Asker: 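Attaching a single structure in structure tokens format; questions to follow.
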Number of protein chains: 4
Amino acid sequence: MSVTTQAETPSDRGSDRRSAGARSREATRDRLLTSGIRLFAKDGLNGVTTHDIAREAGVAAGTFYLHFSDKNALFHEIAVDAEERLRHRVEQATSDATRLRDAIHVQVEALVGFAAENRELLRILFSAEAGHEGSEFLDSFSRSIAEGRRQAIETGEMPAEIDAGVVSQALVGMFVRVLLWWVQEPEPVSRETLIDTLTRIQLSGTHPE
Amino acid sequence: MSVTTQAETPSDRGSDRRSAGARSREATRDRLLTSGIRLFAKDGLNGVTTHDIAREAGVAAGTFYLHFSDKNALFHEIAVDAEERLRHRVEQATSDATRLRDAIHVQVEALVGFAAENRELLRILFSAEAGHEGSEFLDSFSRSIAEGRRQAIETGEMPAEIDAGVVSQALVGMFVRVLLWWVQEPEPVSRETLIDTLTRIQLSGTHPE
Amino acid sequence: MSVTTQAETPSDRGSDRRSAGARSREATRDRLLTSGIRLFAKDGLNGVTTHDIAREAGVAAGTFYLHFSDKNALFHEIAVDAEERLRHRVEQATSDATRLRDAIHVQVEALVGFAAENRELLRILFSAEAGHEGSEFLDSFSRSIAEGRRQAIETGEMPAEIDAGVVSQALVGMFVRVLLWWVQEPEPVSRETLIDTLTRIQLSGTHPE
Amino acid sequence: MSVTTQAETPSDRGSDRRSAGARSREATRDRLLTSGIRLFAKDGLNGVTTHDIAREAGVAAGTFYLHFSDKNALFHEIAVDAEERLRHRVEQATSDATRLRDAIHVQVEALVGFAAENRELLRILFSAEAGHEGSEFLDSFSRSIAEGRRQAIETGEMPAEIDAGVVSQALVGMFVRVLLWWVQEPEPVSRETLIDTLTRIQLSGTHPE
DNA sequence: GATGAATGAGTATTCATTCAT
DNA sequence: TATGAATGAATACTCATTCAT
């Protein structure tokens, strides 16, 4: 499957020209990825063993190592893939927005949409376990928000009194906690309320239209 | 010592009526607590072994278990104690505030003050390692913020459009990430800027004075 | 190929009457043998995996087991074949020699010649990895030398004071270590010096001519 | 014990001032060393697992690692200790000998004496398993023999026609194989015959007295 | 109370071997 | 015949925890 679920992946083609062995290999790899996503989301990197993942995937313990060099490699692949998809989704959404308030709204929509459709990936990406991949993503997310804020301050859209560094960390922290809280079952509030509230919190700092 | 460093702890009394054995026991326990705080703050619950803690405390490996039933018990005690101290500090600070904007300001001051004086405890309390104690504290923190917000909405201090549940999670997430970011060396921004910014972010949602 | 490179092996015949399949099978088997020789000579029986051998031979891992029952069987076949070739060479050389001193000289020439032309086989045959095949060859080599000595003592060519059992072990040990040392790159001494010295060492025990 | 059996080692003192724990630790370490020697002598470095050694020593698997960092460390310690003892014994024996023929005789006596009293250590030291410690010892043994030969050639005690490099390898190989053969049960020849024969083999190359 | 040696279950990882394609 | 994915037993090593001294 690769982590993505998009229709154009090779394994989805009706006419898969690869050998039966190659298809079987890919299927096993996918099962390991899927099991890894489920277990990492539930118990975190350290709470899961390669044997757990293999058992969940229905393969022998040694099979894990035919597909991934070790547990970290699997985690890395999952996290990098999730990060790319989230980043792509947010960038797509915000690329058309010209005004800050529009950008903020669509960014929130993209984040919430990703969370709604990828609960497990969200947990993996946003759970801050010591020194893992997600952290880097959140750091770069912070930096991009800080940059956006600084530009907004230059153009006068945002008041200068609010420190961009602090705000960018604050917004990332807000997204992390709110979305991790929201992807529980049952969802504590409706998607609309969530988007609306997260947008308002940010807009309240902008100058009125 | 007990985790607190305040003067009224038993071991600090000049007139300690306990036996020499009891005082020695307490001292050993304190060294284990101190070592635990340092190491947990640096490497997290899973990154530290009981041998590490005993070695850092200068005692034998078995001694650890004379004072704590296991590694989680030590972590729990550190976290609960830290939680109580932080909770107490925030409650003291906010007990006199009558207006919401005042309460918000002193609450931020209390949080930042705690972070400044207890970097290691803050890291332990705010680091979200899979299923550990800190989470419970943050949950109850969220609940108390949500309650405050609901009251502010009733009294008309806050607009009703903003969902109190979402906001309370957002604020906790914000505090967590901003303070963990801030207690690094070197501190990214001054204490004053930090307090001011965190206060403004919250106030921006209130009705203008 | 079979391990030997001599012209009369089936696969070398210009007029190979076997089917294409049979010839292909033989070629695969030969590649596995060649790879096994190279890798066993370099890293020893335990330092090589069947996957290594298959990869070096350019075949799939499972193919190995179509040709050899297991890793030891391949090693055994290589060792037995090498042993036969070395034995044959020595016997050919010594069959014409009537006097002991001639026999010794041509035997040394045969051993050194084999070592020079089959470095890898020599390493495999003479390396004493716990309980492997080479040992049996060396044991039987010892026995044949001991038998020769005993005859030489009977005919008066060798003095009786020297124990034939000890000497035969000594000579084998000498050949093993000296030849393993000599087949390194670069060769520590010239082929002539080597032959001359090994011959003299043995002749020194015989009665002067 | 340390591998040595000499009377002056601390653990042999009637008045052992160390704590019971320290004595117990030493005893366990000694059992592991003893088990290691027995098993390495029998099956070689690669034929033995740390579990085997622990079981033979009557301790749990993990205990092994309280005393040695890994299997190689134990092997190294055994080999280095054995090497030192053998080297010391040979040096002691040859230090007084002024004439080459005397030196050769006492050297052989020392080697055979060591072999007789330390069959297992001899097997460990003289078994050439890929890249292990014993090899280094044998190499340095060769070098020292070669040096001795070169001096003997200079002083006219040995004829110059025999290459010292080849001879030194030959002698080491001879000692290795003969002694490994001799330390079997039952001993193939008497100690006297062995010493006499090994001495004669070497002396046969010297000029007659 | 303190010590620290010992335990043994847990986890990662390798590799000879099998078997469906 | 050849492939190569999969197996699972073997092995190394760690570490929370116990207990005799």
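All figures in this text were calculated on a predicted structure; none of them were measured in a lab. To find a chain, count down the sequence lines: A is the first, B the second, and so on, and within it residues start at 1.
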Asker: If you only use heavy atoms from C-beta on, which nucleotide in dA12(F), dT17(F), dT18(E) is closest to the side chain of H51(D)?
Answerer: dA12(F)
Asker: Using the rule side chain to side chain contact (heavy atoms under 4.5 Å, CB included), only one of L39(D), L32(D), V48(D) pairs with E56(D); which is it?
Answerer: L39(D)
Asker: Please state how far atom CZ in R31(C) lies from atom C1' in dA2(F), giving the value in whole angstrom units.
Answerer: 11 Å
Asker: Check the phosphate of dT7(E) against T63(D), side-chain N and O only, distance under 4.0 Å to OP1 or OP2. Yes or no?
Answerer: yes
Asker: For I53(D) and dA10(F), what is the distance between atoms CD1 and C1' respectively, to the nearest whole Å?
Answerer: 15 Å
Asker: Without decimals, in angstroms, what is the distance between R55(D) CZ and dA10(F) P?
Answerer: 11 Å
Asker: Please compare R25(C) and K71(D) by the position of their nearest nucleotide in DNA chain F and report the one closer to 5'.
Answerer: R25(C)
Asker: Given atom CG of D52(B) and atom P of dT14(F), what is their separation to the nearest angstrom?
Answerer: 13 Å
Asker: Suppose we define a pair by two distances each less than 3.5 Å, Watson-Crick or G-U wobble; what does dT17(F) pair with here?
Answerer: dA6(E)
Asker: Between S24(D) and dA6(E), is there a side-chain N or O to OP1/OP2 distance below 4.0 Å?
Answerer: yes
Asker: Could you tell me the separation between the CG atom of N72(B) and the P atom of dC15(F), rounded to a whole number of Å?
Answerer: 16 Å
Asker: Quick one: F68(A) CZ to dA6(F) C1', roughly how many Å, whole number?
Answerer: 15 Å
Asker: Quick check on side chain to side chain contact (heavy atoms under 4.5 Å, CB included): which of R25(A), E26(A), R31(A) does T28(A) satisfy it with?
Answerer: R31(A)
Asker: Name the orientation class of the two ring planes belonging to F137(A) and F126(A) (parallel below 30°, tilted from 30 to 60°, perpendicular beyond 60°).
Answerer: parallel
Asker: Check the phosphate of dT11(E) against T49(A), side-chain N and O only, distance under 4.0 Å to OP1 or OP2. Yes or no?
Answerer: no
Asker: Can you tell me if the side-chain N/O atoms of T50(D) get under 4.0 Å from OP1 or OP2 in dA12(F)?
Answerer: yes
Asker: Between R29(A) and D70(D), which residue's closest nucleotide on DNA chain F lies nearer the 5′ terminus?
Answerer: R29(A)
Asker: Check every strand shown and say whether A61(C) touches a base, only sugar-phosphate, or nothing at a heavy-atom separation below 4.0 Å.
Answerer: base
Asker: Which sits closer to the 5' end of DNA chain E, V48(A) or G62(C), going by the nucleotide each is nearest to?
Answerer: V48(A)
Asker: Evaluate the side-chain proximity of L121(C) to I78(C): yes if any heavy-atom separation is below 4.5 Å, no if none is.
Answerer: yes
Asker: Are the side chain of K71(C) and the backbone N or O of L45(C) linked by a donor-acceptor pair below 3.5 Å?
Answerer: yes
Asker: Would a 4.5 Å heavy-atom cut-off, applied to side chains only, mark H76(A) and N72(A) as touching?
Answerer: no
Asker: May I have the distance from D43(C) (atom CG) to dT14(E) (atom P), rounded to whole angstrom?
Answerer: 17 Å
Asker: Respond yes when some side-chain nitrogen or oxygen of Y65(C) is under 4.0 Å from OP1 or OP2 of dT17(E), and no when none is.
Answerer: yes
Asker: What is the separation between atom CG on L74(D) and atom C1' on dC13(F), rounded to the nearest whole Å?
Answerer: 15 Å
Asker: Relative to the 5' end of DNA chain E, which residue comes earlier, L66(D) or H67(B), by the nucleotide with the nearest heavy atom?
Answerer: H67(B)
Asker: Side chain of A60(C) only, please: which of dA2(E), dT3(F), dG8(E) is the nearest?
Answerer: dT3(F)
